[in-house]
Amino acid sequence: MKTTRRCFLKSAAAATLLAPGCRHLSNRHGPVWVNDVQSRLNSTRVARLVEVRSREQLQRTVAGAAEQAMPLAVCGGRHAMGGQQFLADELLLDTLRLDRVLSFDRDRGLIEVEAGIQWPALLGFLLAEQDDPERTWGCWNQA
């Protein structure tokens, strides 16, 4: 069987992503089926799913994909239902594990969070960190 240039380039890009210690990849090898969690109408096969766990890993993964001219898509909670959130047979970065609060300015009501944080976790943090009912950001007083 003759190897095409396209097939060779895809294989070379995959080998780059599999280099030990460079990136955490999902436990599944080969193509992975993903879908949005609401409508379940956008089942899409992606070539590889990378579960990003740190800013540094995200930077390395994006840089590696750019070097290989590999298209990639980014997802988090998978709530988008337009079918645009995945690239068929390409790389998918899952940011769901990037879920930390990085900083919170109680005086100005500014909060910096990672891309994968979900609303319940964010509101839980705000409720736990604020004890002045007159100055509560992002939450309502249920008294």
Side-chain angles (χ1 to χ4, degrees), residues 1-131 133 135-142:
M1 180 167 92
K2 184 177 178 183
T3 301
T4 65
R5 181 173 188 256
R6 180 178 178 90
C7 181
F8 173 79
L9 290 174
K10 280 188 172 187
S11 298
T16 300
L17 288 175
L18 292 173
C22 291
R23 293 166 187 82
H24 169 79
L25 300 176
S26 67
N27 292 332
R28 301 178 193 171
H29 298 285
V32 177
W33 286 92
V34 295
N35 209 339
D36 66 74
V37 297
Q38 300 298 325
S39 71
R40 310 293 296 163
L41 294 174
N42 298 306
S43 183
T44 305
R45 187 180 79 170
V46 296
R48 173 106 20 223
L49 174 65
V50 179
E51 296 174 348
V52 183
R53 297 174 187 263
S54 70
R55 179 184 297 181
E56 294 76 19
Q57 181 189 16
L58 175 63
Q59 290 169 335
R60 287 191 311 265
T61 303
V62 170
E67 288 172 11
Q68 299 297 320
M70 177 185 293
L72 60 88
V74 180
C75 73
R78 299 187 194 176
H79 292 285
M81 295 190 295
Q84 75 282 355
Q85 69 268 41
F86 310 122
L87 291 172
D89 297 316
E90 298 295 350
L91 180 63
L92 178 63
L93 301 180
D94 186 341
T95 62
L96 195 58
R97 294 182 189 250
L98 295 177
D99 60 356
R100 296 178 303 146
V101 173
L102 301 175
S103 67
F104 178 45
D105 183 337
R106 287 171 182 78
D107 295 328
R108 297 172 52 206
L110 298 176
I111 191 163
E112 181 183 3
V113 298
E114 292 179 325
I117 198 163
Q118 301 290 297
W119 278 113
L122 177 58
L123 293 178
F125 172 87
L126 290 171
L127 286 170
E129 293 295 316
Q130 301 177 93
D131 55 8
R135 295 198 59 198
T136 301
W137 298 99
C139 302
W140 61 94
N141 185 354
Q142 294 182 339

Taking every non-hydrogen atom, the tightest pair across Asp36 and Leu41 = OD2-N, 3.9 Å
Yes or no on side chain to side chain contact (heavy atoms under 4.5 Å, CB included) for Leu96 and Gln118, after CA distance, side-chain angles and deciding distance?
-> CA-CA 8 Å; Leu96 195 58; Gln118 301 290 297; 3.3 Å; yes
Taken to the nearest 0.5 Å, the spacing of Arg55 CZ from Arg60 CZ works out to 13.0 Å
Hey, what do you get for CG (Leu98) to CD (Glu51), rounding to the nearest 0.5 Å?
-> 11.0 Å
Roughly how far, to the nearest 0.5 Å, is the CZ atom of Arg106 from the CG atom of Asp131?
-> 8.0 Å
Side-chain donor/acceptor of Trp137 to backbone N/O of Leu110, under 3.5 Å | no
Taking C-beta and beyond as the side chain, do Leu92 and Val32 meet within less than 4.5 Å on heavy atoms?
-> no
Where the side chain of Glu129 meets the backbone of Phe125, is there a donor-acceptor pair that is under 3.5 Å apart?
-> no
Say you draw a straight line from CG of Leu93 to CG of Leu58; how long is it, rounded to the nearest 0.5 Å?
-> 6.5 Å
Give the intermediate values and the outcome of side chain to side chain contact (heavy atoms under 4.5 Å, CB included) for residues Val52 and Val74.
-> CA-CA 10 Å; Val52 183; Val74 180; over 6 Å; no
Is there side-chain contact between Glu114 and Leu102, with heavy atoms separated by less than 4.5 Å?
-> yes
CZ of Arg97 to CD1 of Ile117, rounded to nearest 0.5 Å, is 15.0 Å
Ser54 (side chain) donor-acceptor with Gln57 (main chain) under 3.5 angstrom | yes
Looking only at atom types and distance, does a side-chain atom of Asp105 sit under 3.5 Å from a main-chain N or O of Gly109, one as donor and one as acceptor?
-> no
Ala88 to Thr44 - nearest heavy-atom pair and separation | CA-CG2, 3.8 Å
Could you check if a side-chain atom of Ile111 sits within less than 4.5 angstrom of a side-chain atom of Leu126, using non-hydrogen atoms only?
-> yes
Arg78 and Asp94: side chain to side chain contact (heavy atoms under 4.5 Å, CB included), yes or no, with the steps?
-> CA-CA 9 Å; Arg78 299 187 194 176; Asp94 186 341; 3.2 Å; yes
